[in-house]
S.K.: 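Here it is: the structure, laid out below.
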Amino acid sequence: MKELPKTYDPASVEHQLIEFWEKNGFFTPQPDSAKPKYSIVIPPPNVTGNLTIGHILNNTVQDVYARWKRMSGYNVLWLPGTDHAGISTQTKVEKKLKEENISRYDLGRKKFVDKVWEWKEVYHANISKQLIRMGASVDWSRERFTMDDGLSKAVKRVFVELYKKGYIYRGKRIIDWDPEQQTALSDEEVIHREKKDKLYYIKYPVLNEPEKFVTIATTRPETMFGDTAVAVNPNDERYSGLAGKKAVLPIVNKAIPLIADEYVDMTFGTGALKVTPAHDTNDYELGKKYNLEILQVIDHTGKMNEHAGRFSGIDRFEARKKVVEKLEELGLIEKIEDYTHNVGYSERGNAQIEPFLSDQWFVNMKTLAEPALNAVLSGEINFYPERWTKTYEHWMTNIRDWCISRQLWWGHQIPVWYHKTNGDLYCEVEPPKDLENWEQDPDVLDTWFSSWLWPFSTMGWPDETDDLKKFYPTDLLSTAPDIIFFWVARMIMASLEFTGKIPFRDVYFHNVIRDEKGRKLSKSLGNSPDVIQVMDEYGTDALRFTLVYLSPQGTDVLFSKDLCEIGRNFANKLWNAARFLLMKKEQSAGADNSYETDVFDKWIISRLNHTIRDYLKALSEYKINEASKALYDFIWRDYCDWYIEILKIKANEHPDSAQKIFSDAIDIFESAVKLLNPVMPFITEELWQGIKDRSENDSITISEMPVLDELLISPEAERDVTDIQEIITAIRNLKTELKYAAVKGKVEISTADSSGVKMLNDYPHYILKLTKTEAVNIVKKKESETSEKQNWAYTVVGNFEIYLERELLFDAVEEKKKLEDEMIKIRSFMDSISKKLDNEGFVSKAPAAVIEGERKKLTDQQEKLDKLTRQFESL
RNA sequence: GGGCGGUUAGCUCAGCUGGUUCAGAGCGCUUGCCUUACAAGCAAGAUGUCGGGGGUUCGAAUCCCUCACUGCCCA
């Protein structure tokens, strides 16, 4: 048996247990198990940095399910891995190189990619360490990376297949361009933020009509060099007769057509719109419709190009200022207004997005989306919280083509080759045989193009592996709600398309962690705690428990590390309870096993099973906070506050049976510890090892969860003990309120309830000891009888009247006040009941039981009030 | 502009498939305790027009409508 030191030292225990678990391979599923499988594939963290509190929460959630299922008769696989995180990682490495004044071009593609691999190794090791440290029960033998050979093969295979089916195509489109990273992005990688800007009203002269202008309103004057039309709404009377004429583009002095189209919003600005097909998605559509020239004036670095004349080579924002200056000189600025609008930024790099016309690869998503939408709507896949299905549905029904090419070097290079001489296109998993005649498309694929295959590519797809057969589809995906489109939706699409199966049955969207002020955690704010430091300070279990305990399904969680006191204090409580039980058991010499169990023993077993029931229900509904709360309350309130206190008394009274008493108590404690293991794996393992003799390589990890026995839930025992608890609390209350705390005093409990009398007569010693009174007298009174005890303090709990003998030092004024307060409360309560009962509608329509209940309440309260009144008057 | 949430004790939040755990928990606060594990503890206690208004119902924190404020997602 392990020794339990006086205080629990998380750090040393954790490191030791991590080794113990790993050595014994508890987390590798048994190959020939007949047990049903349960599988989870980890959302792969990016190899760019550290795990955040959000990761800890997410991985705790997964660990809870993995450990719970493992202890509940399942063969569990939790498969770990990491994501190469294309743009994010490349940006970080480039930034690091920049500190040494090196650009990726200095190194060249091959050397640069080598550098990124080096970086990846470092961060990968770091992340793995953190995952291990938090106790994640993943199977490291199956670890994957989105760019390892198997997964790369899957990526190519999928690309080629989709290309051949015609779902993947290459085309010139306006896409979201990041001028800093100089790559295309998908719509999802663009985040919109409010920006204070200016709205410029610019006068475009009408050709051959001196002094006549059309004033357009724009936030982007610098793009005017690319204007190839001015558009108004045909219904706009202000501009009737204008369409068909021409406007003169200022500065450039070029005539461009004036067109009329319903698309133009008459309420915005002046109702006249400059049309710049190369630099605005909507304008592009308009341009196509009217066959307008598409003139690009900003290049891929965000600078003006040769079409901008004297402004060429100038950065777009600088050019804006200069263009406005020039227009002002020309007297063509009508006015400039403040204007707040939403502007797109790169999710990773933070640069302002430029709508940019370029050749990119796209996936047509419509066909893929349909079955994926159905899988969720039909309930084949379940979302928790359920409301996310609406968001999913909305996105899936309005899905747009996915731009998958990135002008980066870090990632899966597109498996397409162009023939150097005849321009043929070759798209296969294997490169062309005469490679020297071909050139591979330099672009890489969007990171998510490998992530969307993750649940099955990690299990060996496209090969028909054993893992795929055994563990796929998976049971649970736990992930952050903000990647529902990026990832969850796409995984469902890819899985259905390529494996014909759903990737997972349940999707749990975990809580978003914020700081104590409600702000998002971010590096720039410096409000993201170092998780290892928090684990060192409070213990990993404390962090895990606290996170789960504070996280009701579907909410944002305001977190600060101080809150980990909740978990730390709970761990401390557990630890001390165990130490106490062991100490008492060892101290007890008695060998008598024949002590009689009483209602408290029955009660604690009932409470345990009650707790198991609540716990199972909560876990099956993904309400982990409720599961952890159920355990917290059982262990702290029921077991420690009441049951152990009762056992102290009992053991004193039956010293010969004490050993048996405490060893039985340890059995119950063991059950609670097992239930708690999925949330707090370290301390529960340590306690499990400590409270009983175990064989050397045995572990709570592979022990069996306590099984719910509904028959052991006893409403009678729970009611009786609740009565006793309330009586005890009432007596303590009388004592403290009336400042009798230090006085022993005598108690009389009187009731008409004969089973209550019988019950209490079995346990006066508990009441006596727990309230520190010297005598308890239990009296049976007749139904209508009112027992009065002059000069005894009085209170009522349920059917029980409680009298406490006053000593000389009682304070009549204080006591009168207390009685008065209580009487006021009772009167107002009675008023509300009477009102209800006087209500014709209530009496005629409410169920009989409810009415009866109200009547009973009323008479009980009346009786109580009478008694209090007499007490009051006697003082 | 469209969609989805939230608004309950000083703070952070449970409860929300209508009527005995219905007004709760933790923290904080007050009072008394180093009581045979635990002061990271024990015991007792105070605090709320359940965002405003309207409706459905015999009965609403719980269902419906509306307004206000607030957060997120998508245009």
S.K.: Counting the atoms with a prime plus P, OP1 and OP2 as sugar-phosphate, which does A/Asn652 contact under 4.0 Å by heavy atoms, base, sugar-phosphate, or nothing?
M.R.: base
S.K.: With respect to the phosphate group of B/C38, does any side-chain polar atom (N or O) of A/Thr7 fall under 4.0 Å of OP1 or OP2?
M.R.: no
S.K.: Compare all side-chain heavy atoms of A/Trp642 with those of A/Trp603 and state whether any distance is below 4.5 angstrom.
M.R.: yes
S.K.: Report the distance from atom CG of A/Asp614 to atom P of B/A14, rounded to the nearest whole Å.
M.R.: 18 Å
S.K.: Now, which nucleotide makes the Watson-Crick or G-U wobble pair with B/C27, with each of the two distances under 3.5 Å?
M.R.: B/G10
S.K.: Is the distance from the ring center of A/Tyr392 to that of A/Trp388 below 6.0 Å?
M.R.: no
S.K.: Take atom C1' in B/A68 and the same atom in B/A44, then report the distance between them in whole Å.
M.R.: 41 Å
S.K.: Please give, in whole Å, the distance from B/C73 C1' to A/Met396 CE?
M.R.: 16 Å
S.K.: Taking the side chain of A/Arg400 as its heavy atoms from C-beta onward, which of B/A37, B/A75, B/A40 lies nearest to it?
M.R.: B/A75
S.K.: Between A/Asn572 (side chain) and A/Arg568 (backbone), is there a donor-acceptor pair under 3.5 Å?
M.R.: no
S.K.: Round to a whole Å and report the spacing from NZ of A/Lys769 to P of B/U35.
M.R.: 18 Å
S.K.: Only pairs with both distances under 3.5 Å count, Watson-Crick or wobble alike; so what is the partner of B/G5 in this structure?
M.R.: B/U70
S.K.: Provide the distance between the two C1' atoms, one in B/G6 and one in B/A43, to the nearest whole Å.
M.R.: 37 Å
S.K.: Would you indicate, yes or no, if B/A40 has its OP1 or OP2 atom less than 4.0 angstrom from a side-chain nitrogen or oxygen of A/Asn576?
M.R.: no
S.K.: With RNA chain B as reference, determine whether A/Leu563 or A/Val190 sits nearer its 5' end, using the nearest nucleotide of each.
M.R.: A/Leu563
S.K.: Answer yes or no: does a side-chain N or O of A/Asn569 lie under 4.0 Å from OP1 or OP2 of B/G41?
M.R.: yes
S.K.: When all nucleic acid strands are considered with a 4.0 Å heavy-atom cut-off, which category describes A/Arg719: base, sugar-phosphate, or nothing?
M.R.: nothing
S.K.: Identify whether any heavy atom of A/Glu718 sits under 4.0 Å from a base atom; if not, whether one sits that close to sugar-phosphate; answer base, sugar-phosphate or nothing.
M.R.: nothing
S.K.: Is the terminal nitrogen or CZ of A/Lys650 (NZ for Lys, CZ for Arg) located under 6.0 angstrom from the six-membered ring centre of A/Tyr766 and within 45° of that ring's axis?
M.R.: no
S.K.: How close or far is atom P of B/C13 from atom CD1 of A/Ile624, stated in whole angstroms?
M.R.: 19 Å
S.K.: How far does the P atom of B/G48 sit from the matching atom of B/A25, given to the nearest Å?
M.R.: 14 Å
S.K.: What's the CD1-P distance between A/Ile649 and B/A37, to the nearest Å?
M.R.: 14 Å
S.K.: Check the distance between B/C27's C1' and A/Glu565's CD and give it to me in whole angstrom.
M.R.: 9 Å
S.K.: Among B/A37, B/A40, B/A44, find the nucleotide with the atom closest to the side chain of A/Thr729.
M.R.: B/A44
S.K.: To the nearest Å, how far apart are A/Glu386 CD and B/G5 P?
M.R.: 10 Å
S.K.: Send over the distance from A/Lys561 NZ to B/U12 P, rounded to a whole Å.
M.R.: 20 Å
S.K.: Just N and O in the side chain of A/Lys648: are any of them under 4.0 Å from OP1 or OP2 of B/C38?
M.R.: no
S.K.: Between A/Phe509 and A/Tyr384, does the ring centre distance come in under 6.0 Å?
M.R.: no
S.K.: Could you measure between the two C1' atoms, the one in B/A46 and the one in B/G3, and give it in whole Å?
M.R.: 44 Å
S.K.: Determine, using ring centers only, whether A/Tyr622 and A/Tyr508 are less than 6.0 Å apart.
M.R.: yes
S.K.: Please confirm whether the shortest side-chain N or O distance from A/Arg387 to OP1 or OP2 of B/G5 is below 4.0 Å.
M.R.: no
S.K.: If we call it a pair only when both distances are under 3.5 Å in a Watson-Crick or G-U wobble match, what pairs with B/G59?
M.R.: none
S.K.: With side chains defined as the heavy atoms from C-beta onward, is the minimum distance between A/Ile53 and A/Leu57 less than 4.5 Å?
M.R.: no
S.K.: Taking a pair as Watson-Crick or G-U wobble with both distances under 3.5 Å, which nucleotide is matched to B/C34?
M.R.: none
S.K.: Does B/G2 have OP1 or OP2 under 4.0 Å away from a side-chain N or O of A/Trp395?
M.R.: no
S.K.: For B/A9 versus B/G5, give the span between their C1' atoms, rounded off to a whole number of Å.
M.R.: 23 Å
S.K.: Think A/Arg732 has a side-chain N or O under 4.0 angstrom from the OP1 or OP2 of B/G32?
M.R.: no
